[in-house]
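Heads up, the thing below is written out as structure tokens.
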Number of protein chains: 2
Amino acid sequence: MPTNNQIAEVAALVGEPSRTSILLALIDGRALTASELAHAAGISPPTASEHLARLMDAELLAMEKQGRHRYFRLGSPKVASLLESMLSLVAERDATVSAIRTGPRDRDLRFARSCYDHLAGSLAVAIADRLETMEMIDLADDGGTVSEKGQAFFGDLGAELGAAGQQGRRYCRPCLDWSERRPHIAGRVGSGLMVCFLERGWVKRQTEGRVISVTRAGERAIVEHFGIDIVRLRERQDRA
Amino acid sequence: MPTNNQIAEVAALVGEPSRTSILLALIDGRALTASELAHAAGISPPTASEHLARLMDAELLAMEKQGRHRYFRLGSPKVASLLESMLSLVAERDATVSAIRTGPRDRDLRFARSCYDHLAGSLAVAIADRLETMEMIDLADDGGTVSEKGQAFFGDLGAELGAAGQQGRRYCRPCLDWSERRPHIAGRVGSGLMVCFLERGWVKRQTEGRVISVTRAGERAIVEHFGIDIVRLRERQDRA
DNA sequence: ACCATGTTTCGGTCGCCACCAAAACATTGC
DNA sequence: GCAATGTTTTGGTGGCGACCGAAACATGGT
């Protein structure tokens with residue numbers, strides 16, 4: 001069986017402390033630069049670069065160039081799922097950690113969380129999906145755009161997206177969600193959207209971690225403005 | 001985060017070709033001896049012994065002494081699940097393998113398979129469960145027993161379990177199932193049971209692999225003798 | 001054009017670990 | 001008890017790879 005060595009190869013890549021740190025730093029779907037990852041792993045940029053190259057070779061990471069930065073993220077949802085499997089295993093061995101708390105919190109994390117300065121999770125993906133099919137926005141790696149219809153929509157919401165001319169490279173970018181397969185909205189638009197949600201009290205940050213919770217008012221507002229039913233979305237996620 | 005190093009430790013253990021071979025050889029829940037594993041990994045007994053000791057330390061393997069042999073098996077279902085996660089990842093990268101074939105076959109494998117000389121999988125676990133609650137058998141690591149009621153039952157079935165006095169150390173042993181959490185029946189009784197099932201045409205071996213399929217006649221017979229509904233059991237498995 | 005910053009390549013050192021042979025240990029069967 | 005078989009411990013060798021500093025390369029800002 002040739003898969004044998006392939007598995008060993010993958011596991012060996014994951015099984016080096018520096019690389020483990022790198023991968024875990026990316027588990028929530030964010031894309032970080034090479035130097036940020038070097039810092040996260042506590043190693044020098046050259047060493048990090050070598051690790052990153054290896055992880056890329058094995059397709060455990062994906063990369064996109066962005067000026068003089070290189071943004072790395074997990075190569076596929078299966079990679080995230082592998083890491084979770086490991087987390088689950090060591091949690092089991094510990095037996096000190098209460099399995100009750102990680103369970104629900106994990107579900108919440110998958111549903112809505114912050115990813116840097118924008119929203120991520122099932123909810124964020126649903127929103128991106130909706131806005132795209134309504135032709136409000138156009139997500140693209142090299143900047144993306146907001147249509148006139150979209151600008152009016154965001155104006156009604158009171159979301160601050162910057163001047164229309166400002167649509168630079170990081171304006172309305174997709175950001176791959178690891179718990180879903182689809183992208184959510186990053187960039188200036190994603191950021192403005194989260195600020196708006198927070199200011200209007202639709203969502204709230206948890207005191208710790210990156211979990212975001214939807215308020216009662218938020219549930220009503222989101223179904224009104226976006227046509228997204230929070231309760232049904234939650235159910236759909238739980239079934240999956 | 002201290003879990004970081006723990007994950008690296010686990011992954012590093014899995015990420016060594018010889019150890020990978022050892023773990024994969026055990027993925028179907030069988031328990032193999034040290035020398036069998038040495039042979040499976042293509043290494044000398046001393047080297048295997050060292051690997052096995054490490055895997056034991058990390059609780060990735062469980063061991064039980066049996067005379068001058070030591071039987072090793074996976075430490076918990078989560079270990080199997082981790083390995084599966086890896087298999088799934090490399091399968092994704094390959095893109096050559098048809099994902100269609102592994103899907104259903106995998107489900108069948110979880111439902112009923114051979115494990116050495118006895119049955120394993122959901123069905124086998126259900127049978128063990130049933131026979132134990134009916135007080136037909138008593139599963140125990142050091143041999144186990146078959147009650148008088150059980151002997152009559154197996155007699156009716158026409159299953160050959162050897163003379164009653166023969167109840168040695170490997171008579172009615174539990175064998176941990178990786179796809180379920182519960183044990184199924186190994187030893188003389190488990191073996192006799194599978195022979196009986198095959199002879200009466202209740203189940204059939206697939207031409208390749210360890211998959212066992214239940215025939216139409218088998219479905220009727222099993223619900224009659226064991227009170228186990230194959231269709232509902234399959235449904236329950238698919239939901240999980 | 002030049003400098004600043006981020007990233008990769010190069011060269012070389014160091015430590016860890018997989019491996020085996022031989023020997024010690026454990027257990028069964030006679 | 002002794003011989004046979006399975007397993008682990010010991011000792012020693014060899015190679016791979018993680019690491020960093022220095023330098024080369026790439027890109028953006030001024």
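Chain A is the first sequence line, chain B the second, and so forth, proteins listed ahead of strands; every chain is numbered from 1. Quick caveat: nothing in here was measured; it's all calculated off a predicted structure.
By the side chain to side chain contact (heavy atoms under 4.5 Å, CB included) test, A:S21 is found to be paired with A:A41, B:N4, residues two or more places apart in sequence or in another chain being considered.
Residues B:A53 and A:E50 each lie close to DNA chain D; by heavy-atom proximity, the contact nearer the 5' end of the strand is made by B:A53.
Remark: A:L23 CG to A:L83 CG distance equals 5.5 Å, nearest 0.5 Å. Taken from OG in B:S122 to CD1 in B:I127, the straight-line distance is 11.0 Å, to the nearest 0.5 Å.
The shortest side-chain heavy-atom distance between B:F111 and B:V211 does not fall under the 4.5 Å cut-off. Contact check for B:I185 versus B:H118: no side-chain heavy atoms found under the 4.5 Å cut-off. Side chains of A:M86 and A:V90 form no contact here, defined as non-hydrogen atoms less than 4.5 Å apart. No side-chain heavy atom of B:L32 sits under 4.5 Å from any side-chain heavy atom of B:Y71.
If you take NE2 of A:H69 and P of C:dT5, they are 11 Å apart, rounded to a whole angstrom. Atom pair B:R68:CZ and D:dT8:P shows a separation of 15 Å (rounding to whole Å applied). The distance between atom CG of B:L13 and atom P of C:dC16, rounded to the nearest whole Å, is 16 Å. Taking atom CD of B:E9 as the reference point, atom P of C:dC17 lies 11 Å away to the nearest angstrom. Rounded to a whole Å, the CG atom of B:L32 is 15 Å from the P atom of D:dG6. Distance B:L52 CG to C:dC19 P: 12 Å, rounded to the nearest Å. Atom CE of B:M63 is separated from atom C1' of C:dA26 by 12 Å (rounded to the nearest Å).
Considering only the side chain of A:F72, C:dT8 comes nearest among C:dT8, D:dA4, C:dA18. Of the listed nucleotides (D:dT27, D:dG6, D:dT8), D:dT27 has the atom at the smallest distance from the side chain of A:K65.
Residues from residues 35-49 of chain B lying near DNA chain C, meaning a heavy-atom separation below 4.0 Å, are B:I43, B:S44, B:P46, B:T47 in numerical order.
Rounded to 10°, the angle separating the first-five-pair axis and the last-five-pair axis of the helix from C:dA1-D:dT30 to C:dC30-D:dG1 equals 30°.
At the phosphate of D:dA18, OP1 or OP2 sits under 4.0 Å from a side-chain N or O atom of A:R19. The phosphate of C:dA18 (OP1 or OP2) has a side-chain N or O of B:R54 nearer than 4.0 angstrom. For C:dA26, the OP1/OP2 oxygens have no side-chain nitrogen or oxygen of B:R70 closer than 4.0 Å. An OP1 or OP2 oxygen of D:dG6 is reached within less than 4.0 angstrom by no side-chain nitrogen or oxygen of B:T33. Remark: A:H51 is in phosphate contact with D:dC19, judged by side-chain N or O atoms under 4.0 Å from OP1 or OP2.
Heavy-atom minimum distance, A:H184 versus A:L119: CD2-O, 3.4 Å. The two atoms that bring B:S114 and B:R205 nearest to each other are OG-NH1, 3.7 Å, heavy atoms only.
Comment: B:E16 does not engage B:R54 in a salt bridge, judged by the lack of any side-chain N to carboxylate O separation of less than 4.0 angstrom.
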